[in-house]
Amino acid sequence: MPRTNFTALAAMAALAAGGVSLPGGAARAQDQDCQHPIGAVLSLSGSMAAIGSAIGDAGELAVEHMNAAGGLLGCEADYRLRDDQGQPSVGVDAAQSLVEVEGAEILLGAIQSGVSMPILSSVTVPNEVTQISCCSSAPSFTELAREGGTDGYWFRTLPTVRPQGFVMADLANERGYERTAVIYVNSDYGLSLARAFEEGIEAQGGSVTDMVPYNQEQASYRAEVSQALRGDPDSLFLVAFPADGATAMREWISLGGPQNLLLSNALRAEEFVSAVGAQYLTDAVGIDNAQVEGPSVEAFNQSWEERYGEPPAGPGLHTMYDAAAVGLLAAQAAGEYDGTAIRDAVREITGPGGEVIHPGPEGFARAHEVLAEGGDISYVGATGPIVFDEFGDVTGPYLIWGVGEDGALTEVETWQVERVNELMAATGG
Amino acid sequence: MLGVALYLVFFLIVVTIYAIVVMGLNLQWGFTGLFNAGVVAFYAIGAYGTAVLIGPARDRLIGGFEMPFLVGLAGGMALAALAGLIVALATLKLREEYLAIATFGIAITIQLVALNFEALTGGANGLIGLPRPMFDLFATPGGYNLFYLIFVLAVAVVIYAALERAVRSPWGRVLRAIREDVTAARSLGKNPTTTRLQAFVLGSAIMGLGGGLYVGFIGFVSPIDFLPILTFQIWAMLIVGGSGNNRGAVLGCLVVWGLWTASGYVISNAVPPGLQSQAGAVQAIIIGLVIVLTLLFRPRGLIGEEDVVSAHARDDEVTTPQEEIPAQQGQ
């Protein structure tokens with residue numbers, strides 16, 4: 001915890017021991033006696049603890065910015081962060097308590113899909129509370145939304161892996177691969193990406209020879225690789241994390257698998273390239289989320305650095321800030337602190353049209369002015385422009401990367417959001 | 001204040017579901033001395049069994065039979081009992097610590113099966129959109145939760161009454177005899193293997209019932225619902241409450257789960273903004289501390305096991321129904 005100091009820890013311990021309830025922050029732009037609680041459920045301990053606490057800070061930063069810009073609907077936005085300990089039952093309880101006891105109409109989180117989903121089905125949807133997640137990537141949310149199971153209360157600022165699969169399928173097609181095998185990590189992420197790829201290939205009239213899942217952290221993936229080779233593929237789509245991916249890739253090459261390789265985003269790592277050997281990867285092509293650039297991203301990075309003294313590095317920070325910002329601005333635009341009104345306002349404050357609003361107190365202050373005058377705003381956030389589709393999902397720009405002969409990671413091309421959306425529309429994604 | 005009441009209803013539903021599972025474990029460990037370190041496996045089998053039976057049909061899935069909830073519940077329970085039978089037949093000859101390791105392995109196996117048997121369990125994504133029984137009849141979620149609380153309470157009361165009856169019967173005395181001294185029990189002509197098998201299967205079925213009730217309430221099931229830590233929580237509830245006493249088991253659920261959740265509430269309200277993200281660790285410390293202190297000061301649990309073995313030994317107590325005595329004498 002580089003941002004913690006001893007004074008702060010001691011203060012926290014003293015407060016926790018005394019059970020004192022503090023009504024708000026020390027630094028506040030104005031004195032207001034009313035508060036709108038903004039609920040957040042994240043994994044501060046448990047298997048996601050390593051990233052959870054910084055994600056919590058990102059949400060808090062957005063709330064601070066909103067308060068510095070004049071608060072929320074004439075009151076103070078009060079950030080209430082609860083720990084789900086990586087356990088669905090704990091997360092559901094925290095969410096229920098935030099909604100029923102503390103009166104939150106916006107719920108941010110959770111990180112893991114397996115926690116976000118029970119919160120959605122048993123807390124936020126029945127109680128008509130808007131839920132915005134920074135980090136849950138499972139496609140089951142899209143499926144549930146399509147069935148009408150979310151009533152529109154679900155949003156996420158993290159681009160889903162589904163478009164990635166379709167873009168990869170398009171690349172495979174472009175390169176003339178006709179028989180691709182897929183080896184994927186057996187998690188919601190791997191399964192979703194592999195399935196989207198299969199769907200994309202089928203939409204383009206091709207077929208996948210084999211879909212082979214692997215379980216993480218095994219010493220050898222010979223069995224999985226042999227199974228993938230059985231269908232005589234001309235190419236491989238590997239969805240993996242660097243260490244396991246390198247193991248599988250070495251075995252693929254040693255068993256004589258073709259070097260027409262398609263690689264997933266997590267494999268864009270020096271570690272993977274050096275473990276496999278750059279000479280085997282010159283025909284490989286991979287995908288990753290493109291680093292969004294522009295003044296809105298800069299504005300976030302800068303205010304993060306000012307607040308926490310280091311650049312925002314780590315997963316989920318940009319998306320969490322945007323999740324909180326979208327919720328807060330939507331509530332401001334709705335004119336009332338009510339989950340259903342906020343849900344309906346989310347698409348009004350995002351997407352093209354309206355005055356562009358960037359992260360930071362100045363941006364939010366400008367949003368207050370425009371909204372007060374009855375104008376339209378268009379939030380362009382820490383992750384760039386945000387457009388929610390009808391299922392609450394966003395699409396991001398993608399980067400296509402390759403490996404040079406010297407082992408350096410190279411950038412092949414960038415797919416802008418518009419091109420991704422066109423492809424998705426054309427292939428029925 | 002209405003909000004607090006609504007939250008309490010929700011909280012009590014979860015406590016009651018866990019209480020059912022803990023009573024199942026109490027039958028196995030508290031009365032029979034079977035160290036089941038794989039509680040979560042039977043809970044998961046009941047949950048997935050119910051989910052598969054009641055879930056909506058989907059192309060990718062084998063399940064989705066859209067059966068009525070009560071049928072699903074019974075099915076989940078039966079599957080958990082079947083799993084308990086198989087596990088018991090394979091492992092009950094093992095002594096305590098070996099049984100613990102074997103059942104722990106089984107719990108991990110079941111979680112991995114849930115993660116990998118995609119066609120049945122939906123894999124890592126879980127099973128979504130499961131119907132919540134009679135949900136449409138209620139206008140507000142609070143009203144529905146109140147209904148569901150009454151339903152799970154009724155189930156818990158039936159199980160409590162049945163277990164109390166069973167452990168005070170001659171069969172219950174055999175359980176305790178086996179727990180205390182297997183050789184002595186065998187020398188008296190009792191068959192420890194059969195009795196242990198019965199207790200294990202019955203306990204597993206009760207755990208499975210808890211899983212089914214959880215699914216009906218949450219409307220979703222996925223492998224991370226069944227992490228090994230849940231086994232630890234269930235055990236903590238039983239040990240803190242008082243192993244070998246069903247009232248203790250229920251009280252333990254209330255105390256441990258209350259502590260688990262209330263600590264989060266207190267900390268998030270006590271910690272100033274700016275430090276919220278660091279507060280998670282404090283919660284874990286408080287939970288651990290309270291459990292350790294409870295055990296130090298009340299090593300037998302909050303309500304320990306009663307010292308009587310037979311209903312005959314406490315004729316002066318009004319808590320024992322009088323008609324029970326002739327029925328037992330007749331056996």
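The sequence lines fix the lettering, A, B, ..., with proteins before strands; numbering per chain opens at 1.
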Non-neighbouring partners of B:Leu127 that pass side-chain contact (heavy atoms from CB on, under 4.5 Å), sequence neighbours left out: B:Tyr48, B:Ala51, B:Val52, B:Leu61, B:Leu130, B:Val221
Segment of A:Pro118 engaging chain B (4.5 angstrom heavy-atom cut-off): both
Contacting moiety of B:Tyr148, where chain A heavy atoms sit under 4.5 Å: neither
Part of A:Glu147 within contact of chain B (heavy atom distance under 4.5 Å): side chain
Part of B:Asn116 within contact of chain A (heavy atom distance under 4.5 Å): both
Between A:Phe391 and A:Phe141, ring centroids under 6.0 Å: no
B:Tyr144, part contacting chain A, at a heavy-atom distance under 4.5 Å: neither
B:Phe11 atom CZ, neighbour heavy-atom count above 12 within 6.0 Å: yes
Contacting region of A:Ala138 [heavy-atom separation from chain B under 4.5 Å]: both
Heavy-atom contact with chain A under 4.5 Å, split by part of B:Ile218: both
Option in A:Ser45, A:Ser89, A:Gly103, A:Ser113 with maximal non-hydrogen atom pairs under 4.5 Å from chain B: A:Ser89
Proximal component of B:Phe10, with respect to chain A [non-hydrogen, under 4.5 Å]: side chain
Chain B contact via A:Val63 - side chain, backbone, both or neither, heavy atoms under 4.5 Å: neither
Interchain contact, A:Leu144 with chain B, by part (heavy-atom threshold 4.5 Å): both
Donor-acceptor side-chain pairing of A:Ser136 and A:Arg156 below 3.5 angstrom: no
Contact check, side chains of A:Leu317 and A:Ile55, non-hydrogen atoms, under 4.5 Å: yes
Interchain contact, A:Ser187 with chain B, by part (heavy-atom threshold 4.5 Å): backbone
Interchain contact, A:Ser43 with chain B, by part (heavy-atom threshold 4.5 Å): neither
Residue part contacting chain B, namely of A:Glu128, when any heavy atom lies under 4.5 Å: neither
Any side-chain donor near an acceptor of the partner, A:Gln85 and B:Trp260, under 3.5 Å: yes
Sub-6.0 Å ring centroid separation between A:Tyr184 and A:Tyr214: no
Among the listed options B:Pro141, B:Ser222, B:Ala124, the residue most often paired with chain A at heavy-atom distances under 4.5 Å: B:Pro141
Geometric class of the B:Tyr43/B:Tyr214 ring pair [parallel <30°, tilted 30-60°, perpendicular >60°]: tilted
A:Tyr321 side chain near A:Trp304 side chain, heavy-atom distance below 4.5 Å: no
Any side-chain donor near an acceptor of the partner, B:Gln233 and A:Gln87, under 3.5 Å: yes
Interchain contact, B:Val14 with chain A, by part (heavy-atom threshold 4.5 Å): neither
